[in-house]
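Reviewing the structure listed below.
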Amino acid sequence: MRRLRLPAALLSVVAFVAGCADDAELDTLKPEGEYSEQIDNLIDPIFIVAFLVFFLILGLTLFMWAKYRVTEYEEGDWPEQVHGKTSWEIGWTFIPFAIMAAIGAFTWILLSDLNATEANALPIQTAEGEVMWDPHVVVVGQQWWWEYRYYFDADKLEELDDANGNPAKDLPPADIVTAGQLVMPIGEEVELTITSRDVIHSHWIPALNGKRDAVPGRFSPWKIQANDPGLYFGQCTEFCGLSHSRMRMQAVALTPEDFQEWVTAQLADAETPPGAEAWLEAYRAADGSEVEAPEATGAQRGLVAFTQNCASCHLVQGVNDLTYDGATQVSGAAPNLTHFASRTTLAGGILDLYNPDGTLNRNNLESWLRNPEAIKANAAPERGMPNLGLSEETIDDLVDYLETLGPRPSDEMIAATQVD
Amino acid sequence: MLTTGFKTFFGWALLAVFASLVYGWVSGGGGVGPLSLGWKGGVGDHAGYGILLWGGVIFGALGALLVSFRDADAEAAAHHRGMNSAPAGQRPLDASYWPLVAALGAATTVVGLVVSQILFVVGIVLCGAAAFEWATYAWADMATGDPDANRELRNRIMLPMEVPMLGFAAIGVIVVSVSRIFLAVSANGAVLVAIVVASLIFFGAVLLNFKPDLPKNLVAGVAMLGLVGVLGGGIWGIAAGERDFHHGEEGEEHSEEGEGHSDEGEGHSDEGEG
Amino acid sequence: MAITEEPPLELEAGDPLPEYAEQPLGVLTRPSGNTGIASWLFTVDHKRIGIMYGVFAMFFFLIGGLEALAIRIQLAVPGNDFLSAETYNQVFTTHGVTMIFLVIMPLAAAFANYLIPLQIGARDVAFPRMNALSLWVWFFGGLFLCSSVIIGGWWENAPDGGWFNYAPNHGVAFSPSKGIDFYAIGLQITGIGSLVSAVNLIVTCLNMRAKGMTLFRMPVLTWMLLITQFLLLFAVPVITVALFFLMFDRLYDANFFNPDAGSDPLLWQHLFWIFGHPEVYILILPSFGIISEVIPVFSRKPIFGYKVMVFSGIAIGFMGWGVWAHHMFVSGLGPISVTAFSMSTMLIAVPTGVKIFNWLATMLGGRLKFNTAMLFAVGVVSMFTIGGLSGVTHAVAPADTQQTDTYYIVAHFHYVIFGGALLGIFAGFYFWWPKAFGYKLNERWGKWNFWLQIVGFNLTFGPMHILGLQGMSRRIDTYSEGFGFELWNLVASVGAFVIFLGVLIFVINIFVSQRQAKHLPPVGPDPWDARGLEWMTASPTPEHNFDEEIEVQQVDEFWFRKYDIDDDGTVHRIATGDEVAQPGTATGVHLPAPSYWPMVLAAGLPFIGYGLIYNLWLCVLGGLLVAAGSFGWVFEPADDPDAHHGGHDDHGDHDDDPDTDPEAAAALDAPEGADDVAIESEEAPVG
Amino acid sequence: MSSETLSDTVEAGMHDADHHDADHHHHPSDRKYVGIAIGLAIITAVEVLTFYVDFGPLFIPSLLLMMFVKFYYVCGWFMHLKLDSPMFTKFFVAGLVLAAGVYVVMLSASQLWDNI
Amino acid sequence: MVDSEVLDEQAVEAADASHSAKVGDHQPGSTGISNQKLAMWAFLGSECLLFGGLISGYLLYRNNNQDGPAAAEIFDIPFTSVSSFVLLMSSLTMVLALSAITRGDHPRTRLWILTTALLGAVFIGGQVYEFTSFYREGLGYTTSPFSSAFFTLTGFHGVHVSMGIVMLMSLYFSSVRGKLKTENAETVEIVGLYWHFVDVVWIFIFTVVYLMAKGI
Ligand code: HEA
Ligand code: HEA
Ligand code: CUA
Ligand SMILES: [Cu+2]
């Protein structure tokens, strides 16, 4: 494929089709799900029609250039003065019209397909026992990362209403909240309800379906589906300010079994580093007053540092969910870190969290904590994560702690990631 | 050769600059602030200072223009036309009522300084208008030897400013007065007053339409009375204050947070008019 | 300000005045004369105004082009840090805004101003002073917009929301710099210019036509420009509303686009695109008109299907109003709206296709002379088609969900705008240059210009199709390795520099040709053996356009005065262009006098703009300028009274030939001719 | 309600029409204007009445109808569209129709009618 | 506000005619109609889209009053009805002015022009009153989308009326100075067109914004 590219460069129009490269993770012409395939099946023939029309026009032009070209005008050398020909003109009104009508018909059909949803029932084990889940995820865009919220109780979704104000800032509590990576079961139609807490973003996983904007104040329906397990890349495509280019995400498609496993893990509270449980207990009971902290391990110290520095914005279920009172952000939220280490990327899907060999990529995480603005231009503290001026030791401790917020993702997933 | 035009404008410029300095100081500025345009140290009230200084600059520029381009310079003109002597200038023919306005303006300004900012602004505006008109009159009256030409000259400069100003002033007086009356009386009273005022205007016009030869003095007198009535009503309205508006549930909170903005909102329509 | 407009000195009776004494004294008199910079600044001559539109637009083109180059440098390689994210966002926004509002639109306006009166045989536009007003309002508005780059720091305060500037990202909370205030107010100002000129040109087209010039004898270019003006007339107020809402939101905390108060951010998108889509046809139709003039001349055939050309233009103008939501396919509109707008968008391909095929049919069987103007025109036919076809692929809404906001869109609109509008405008430059300046542009340089531009253009924007389909988002300040974007971005960046070279050669060509022309015989009124009325007068066009009114009997009137067609279809020459064309030597034609007021009025607007952003007192100053400007205008006689006294030489560029041409003078004395001229010119000054 | 019947209701004795300059345009007489104005006033009164009296399901249709009639009379007679060049009507109607069309579609797409 | 400049422009063009005498009486355009009138009508066509946009914005947000007062709660229909009458009658006086000047009856022209301007000023006074009282009752410009849209729409209309009054006053002054001749009737007509248009817009606003607030 790669070799094909040079000749293609000579005729960029041809390269149009050939342009799909092996490493093009966002390639729109390499569908991996039902809907993206439908779109591809519609557009490929249209591309061909377009090529034909273009070559017709170009061909006619070149033909006339070859046939009728003169270098100088000679006195009296005048062609027949044709002022028009109605039959021709009717012809080239009608034929394009017919072509467009055909394209329009197929477009119409596909549009109604893409906008229809079907009710599915996927059995899911939750804490309350098995529920039948119609796969559905609420997607919330925010400068500059994505949040995914899972509600296994369909009634909760009824509470989403787009009447007044921006409801995305005040969503009902979800069973699972994650950031940057949308985890979904394969083979199922996964409905998305897309909204935003601040400006307009656009959610796009090219391999699985087209995009849909996340508009504040609106809940836009969309759906995706993946045929095979894997990691599918995405990118926010509506201009959303400073770090629009660094607002990415991935869809992680798992087999139903793996998905169940993931759900089970996510439903649990975060694990507290061994030896720190007592401190945490005391801290929560003390309601803000000083409690002597454990100093033994990095993770223990990290927990303390986290509680002091980070908990005002980041929620870790089971640790600070009692004291967390919303982020100091315009949008009112920061990524939920409860099972942070179970993702393979961080910071809006732009940094790998693991090395290819499966170890934690401390480098990335540390540099993020050292100065997020250097990695992702932002407008902190109102928008984006601020530089908190942490000491190197604290950063080390925090990384130790964050690593405990597992479980670790599977090796295949780690191998599939590699975003930078 | 310094022409009268130059002298008039330059005089005004000096006066305005001086006034701006004084104003900059007395309104609470410190040290050399007003001298350095606020660069080294403060100026009291920026708005007034700015207007005065700006006026000075404009007058100065006009004066400089006149002298450098030898506009309205009778001698230069005479020279240009190859004549030996310039024709004599002409004394002003009309009595000028601008000194009166200027005096009124000055008084209002002083009173305004003490009493209310609005009055102060009104005073400043009056002074400015008087100064400008007066200066132009004075200049135009002596620009050439021909009174007709002088009048034409004056009109050329002044009409583009006078006409819109007068237009605005006319609307402004009525709008402000009428709305103050409406605000002072009860809601139903406002309806009534509106009906009465509009009917008076309308039927007065109808009457005049049918009886065009009513004595001029009578008409003028009645019109004057009407105007005084409206104005008086307005002043009464201001004095009486607005009636109690019945606030919505959260009215209080809203009106507080919305204070500045709503004013600006209204300011908008005013600007549009300007 | 006409402070001392001829204050007559009281002279003793009987004194004879020397000639020069009639000249008013002092510079503050009403502007007069036709030399020097002042003659440009205060002119109300539609030709000078047209030329100034062109020159200013080229200046902005340089700015917009440099911004484009900055974009391309930044994107040439992955992870580049030539521009910070902050700067990049401002650069692409100003690039888009500059190119659309300050380059293509005014370039079209340049042709509209210069050519409409000439093509319909008029002496000037309906309201010459209003015409000057629109120029200056637009230009000052443009400067105001561009000043945002400098004011408050280099690239600190420029608009950064993208050219369509979606809500609520354009709010103060998300864009705290003053940039978007500049955007809102700047576009508002330029909008006033467009609106005024639309009104003016519409009245001109409808009401100033020469005798016999019925609507369906107007040249296709005039028709397309007329349609464009109607689009402007109705589209500008829509964005005016949107911009007011935005301005009030930003400056006075209104709630039009504030989702936290339950407002709908899509309101902005609707309003913007209701304006925005007609706007893209505003960009392209003038170019369609231009090549409809060029292709027949260099094919030696009349335009194929004149009426169909006109009607398809009208159809495009109409349909352009019903498709705006194709820019919102993924915004969550609801399936019914999406389907409806998808269908309506596809339909536009039909009238546009008709045009393409008619141009081809015009060339079919003709005698094609591929000089530079023709090359550019044919370039439009093929390059625009590429852009149009990719447009059709966006119109397929499901496919657009994959394409929108990727470089595939960037490719589409650069193909239609650069490959359609801009190439067409270059064709126009080469074609009408001799009419405006009296010399032809050099063909050798011209061909270099064309080929570099077309090659560079395809090199730049062709690969963007691939990039887009490979998933590269637009408006990203940088991209990572590993997505397959590296190669094509580099190619595109190289291409951009080739374009730059191409345009540079155009600029060089102007100077080269001007020097060469000194050694060449004058081009004469009709250098191309052309067809329209504009060629029926001397080159460069004399200030009064035509010596006498032309009576029109058919489309391509000028051509039919030169040629006759036999019954068997052969063409015979009956006269040469030089014989038919008017010498352009008439003197004493009474023309509208220049005026300061349009400039004074226009100058007030940026002050109001700065005032709204920085300090309301500036608004007072601006408001005074506007008020004084407009009322000064009202009280200024449209005609310069001096002209009646014969003191002024108002009649065009015959300074070198002060002696009145006896024939022309005689023509003036002749009752009918003189009356026509007088009435014509009486009418013009009304503006 | 035709304009003729409207003007018939006008009291005689309004301004004499004989000053009317017959050759200038073909503007209607003052009498006609006054008649129309009275008609408009009556319609407005009925409009205001809808505020006090319950028109039931007719509320909106009747208001729209009355609005349209007023609109028509002001444009047609006060603005002389009925008498002047049809070109003016075309310009104005073009703007009106375009505005109505475009904005109605826009509001529909914004689901305005749902939450009315 | 900027838009009002365009209006100015119109006023200017309109008033232009009054100062170049030769133009007023004879219009040689290809269509036989006057340039100025055509321009004014084109401009009014364009204004339809301006007010259409403002009205649409209002319709979209009419019920979104957040915690602030709602439309039906706050409107004072009796008062607004009187205002509407006043504006409507000013349309009558405007045509009477035109009628007078076509007859060459300058005193009556001045009378009716001045009456029109005065009635317009009363209308604006009423609007200032209305705005102030709404504000006092808790409806600030920033209170809700409804309030922003309402004040913007009616404010724009008010600015248009005010510009009209300025034009009328200019006509009045011209007439007083003897510069508004019988042959300049068209200038009065053009200002009148603008004035009636503004009235027509109010006819729309009064019905759709005020009266219908009750029902929906
Ligand atoms: C000069 C400007 C111009 C022109 C003329 C066009 C013309 C067209 N445009 Fe384009 N468009 C833009 C400028 C222009 N556009 C811009 C600037 C944007 C991006 C804005 C932004 O997001 O920043 C845009 C975006 C844009 C979109 C939105 C994409 C998105 O953001 O998702 C769409 C979607 O439908 C579209 C469609 C079309 C269509 C169908 C035409 C049609 O008019 C084209 C018709 C022409 C042809 C089809 C070719 C000739 C026809 C034939 C030879 C006949 C035979 C053909 C067939 C049978 C197919 N355009
Ligand atoms: C009229 C329209 C127009 C034109 C002509 C161009 C021309 C070019 N554009 Fe632009 N472009 C837009 C309109 C236009 N563009 C718009 C509307 C956008 C969207 C903005 C947004 O997203 O908000 C955009 C966005 C856009 C992007 C996407 C940015 C992004 O999404 O991140 C890119 C990227 O490559 C780009 C590149 C270019 C290039 C390389 C050129 C080149 O063709 C430019 C070549 C020109 C020159 C190099 C100038 C040469 C001039 C001279 C030498 C002048 C000399 C004259 C004198 C001295 C008198 N443009
Ligand atoms: Cu989020 Cu772009
Ligand atoms: Cu479009």
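Since this is a predicted model, take the numbers as computed values, not measurements. Labels below follow one simple rule: chain letters A, B, ... track the order of the sequence lines, proteins then strands, and each chain is numbered from 1. Just so you know, these numbers use all the heavy atoms, side chains as well, and skip hydrogens, waters and symmetry mates.
- Counting heavy-atom pairs under 4.5 Å between each of A:Lys67, A:Lys169, A:Met247 and chain C puts A:Lys169 at the top.
- By number of non-hydrogen pairs under 4.5 angstrom with chain A, the leading residue of C:Arg573, C:Arg367, C:His170 is C:Arg367.
- Ranked by heavy-atom pairs under 4.5 Å with chain C, the list A:Lys85, A:Glu80, A:Glu382, A:Arg197 is led by A:Lys85.
- The 12-atom threshold is exceeded at CG of A:Leu62, counting heavy atoms of other residues, nucleotides or ligands nearer than 6.0 Å.
- Using a 4.5 Å cut-off on side-chain heavy atoms (C-beta onward), C:Met472 and A:Leu26 make no contact.
- Here CZ of A:Phe55 is found 12.0 Å from OG of C:Ser382. Values are rounded to the nearest 0.5 Å.
- A donor-acceptor contact under 3.5 angstrom links the side chains of A:Trp92 and C:Asn358, judged on distance only.
- A:Gln235 and C:Ser473 make their closest contact through CG-OG, 3.3 Å (heavy atoms, listed as atom of the first residue, atom of the second, distance).
- No other option in C:Ala85, C:Gly388, C:Pro168 has as many heavy-atom pairs under 4.5 Å with chain A as C:Pro168.
- Looking at C:Ser312, neither its backbone nor its side chain comes within 4.5 Å of chain A, counting heavy atoms on both sides.
- To the nearest 0.5 Å, atom CZ of residue C:Arg474 and atom CD of residue A:Glu238 are 8.5 Å apart.
- Taking both residues in full, the closest heavy atoms of A:Pro79 and C:Val571 are given as O-CG2, 4.5 Å, listed atom of the first, atom of the second, then distance.
- Between A:Tyr73 and C:Phe298 the shortest side-chain heavy-atom distance falls below 4.5 Å.
- Counting heavy atoms from C-beta outward, A:Arg218 and C:Leu266 have side chains that approach closer than 4.5 Å.
- C:Asp405 has no carboxylate O lying under 4.0 Å from a charged side-chain N of A:Lys211, or vice versa, which leaves the two without a salt bridge.
- Separating the CZ atom in C:Arg475 from the SG atom in A:Cys236 is a distance of 11.5 Å, to the nearest 0.5 Å.
- Ring orientation note: the planes of C:Phe304 and A:Trp88 are close to parallel, at an angle under 30° on the 30°/60° scale.
- Residues C:Pro398 and A:Thr107 are in side-chain contact: their nearest non-hydrogen atoms beyond the backbone lie under 4.5 Å apart.
- For a residue to count as touching a neighbouring chain, one of its non-hydrogen atoms must lie under 4.5 Å from one of that chain's; by this rule C:Trp528 does not touch chain A.
- Ranked by heavy-atom pairs under 4.5 Å with chain C, the first of A:Leu111, A:Asn115, A:Asp113 is A:Leu111.
- Of the two parts of C:Val396, the backbone and the side chain both hold a non-hydrogen atom closer than 4.5 Å to a non-hydrogen atom of chain A.
- Of the two parts of C:Phe461, neither the backbone nor the side chain holds a non-hydrogen atom closer than 4.5 Å to a non-hydrogen atom of chain A.
- The choice from A:Arg212, A:Glu72, A:Gln81 that makes the most heavy-atom pairs within less than 4.5 Å of chain C is A:Gln81.
- Heavy atoms of A:Phe233 lying under 4.5 Å from chain C belong exclusively to its side chain.
- Per-residue counts of heavy-atom pairs under 4.5 Å with chain A were compared for C:Leu467, C:Leu333, C:Asp264, C:Asp529; the largest is that of C:Asp264.
- Of the atoms belonging to C:Ser331, heavy atoms from both backbone and side chain fall under 4.5 Å from chain A.
- Ranked by heavy-atom pairs under 4.5 Å with chain A, the first of C:Leu360, C:Ile476, C:Asn169 is C:Asn169.
- Of the atoms belonging to C:Pro351, not a single heavy atom falls under 4.5 Å from chain A.
- Most heavy-atom pairs under 4.5 Å with chain C, from the set A:Ala168, A:Ala377, A:Ser220, A:Pro206: that is A:Pro206.
- Contact tally against chain A (heavy-atom pairs below 4.5 Å) for C:Ser263, C:Ala349, C:Pro302: the top residue is C:Pro302.
- Of the listed residues (A:Val215, A:Asp213, A:Ile103), the one with the most heavy-atom contacts under 4.5 Å to chain C is A:Asp213.
- Under the 4.5 Å side-chain criterion, counting only non-hydrogen atoms from C-beta, A:Trp78 is not in contact with C:His572.
- Side-chain contact between C:Phe483 and A:Asp27: absent, with no pair of heavy atoms (C-beta onward) separated by less than 4.5 Å.
- For the residue pair A:Gly104 and C:Met343, the shortest heavy atom distance occurs at O-CE, 3.1 Å.
- From C:Thr401, atom OG1 reaches atom CD1 of A:Ile39 across 3.5 Å, with rounding to the nearest 0.5 Å.
- The two residues A:Arg383 and C:Ala173 make their nearest non-hydrogen contact at NE-O, 3.6 Å.
- Taking the side chain as every heavy atom from C-beta outward, C:Met363 and A:Leu60 never approach each other to under 4.5 Å.
- No more than 12 heavy-atom neighbours from other residues, nucleotides or ligands sit within 6.0 angstrom of CD1 on C:Ile336.
- In this structure, OH on C:Tyr166 lies 13.5 Å from SG on A:Cys240, to the nearest 0.5 angstrom.
- You'll find the side chain of C:Val378 stays beyond 4.5 Å of the side chain of A:Trp65, heavy atoms only.
- Contact annotation for C:Phe357: both backbone and side-chain heavy atoms come within less than 4.5 Å of a heavy atom of chain A.
- Heavy-atom pairs under 4.5 Å with chain A were tallied for C:Asn371, C:Val381, C:Thr404, C:Ile303; the largest tally goes to C:Thr404.
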Before you tell me yes or no, could you show the steps for C:Ser480 and A:Arg248 under side chain to side chain contact (heavy atoms under 4.5 Å, CB included), namely the whole-Å CA-CA distance, both residues' side-chain angles and the distance that decides it to 0.1 Å? CA-CA 11 Å; C:Ser480 307; A:Arg248 297 193 201 139; 2.9 Å; yes
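- For C:Tyr563, the OH atom sits in a packed shell: over 12 heavy atoms of surrounding residues, nucleotides or ligands are nearer than 6.0 Å.
- The contact between C:Gln269 and chain A is made entirely by side chain atoms (from C-beta outward), counting heavy-atom distances below 4.5 Å.
- Rounding to the nearest 0.5 Å places CG of A:Leu242 at 7.5 Å from CG of C:Asp160.
- Heavy atoms of C:Ile565 lying under 4.5 Å from chain A belong exclusively to its side chain.
- Ion pairing between C:Arg300 and A:Asp77 fails under the 4.0 Å rule for side-chain N and carboxylate O.
- Checking side-chain atoms of A:Thr28 against main-chain N and O of C:Leu469 turns up a donor-acceptor pair under 3.5 Å.
- Contacts of A:Thr93 with chain C are made by both backbone and side-chain atoms, with heavy-atom separations under 4.5 Å.
- Nearest approach of C:Asp477 to A:Arg246, heavy atoms of both residues: OD2-NH2, 2.8 Å.
- In C:Glu86, the CD atom is not crowded: 12 or fewer heavy atoms of neighbouring residues, nucleotides or ligands sit closer than 6.0 Å.
- Heavy-atom contacts from other residues, nucleotides or ligands closer than 6.0 Å to CZ of A:Phe97 number 12 or fewer.
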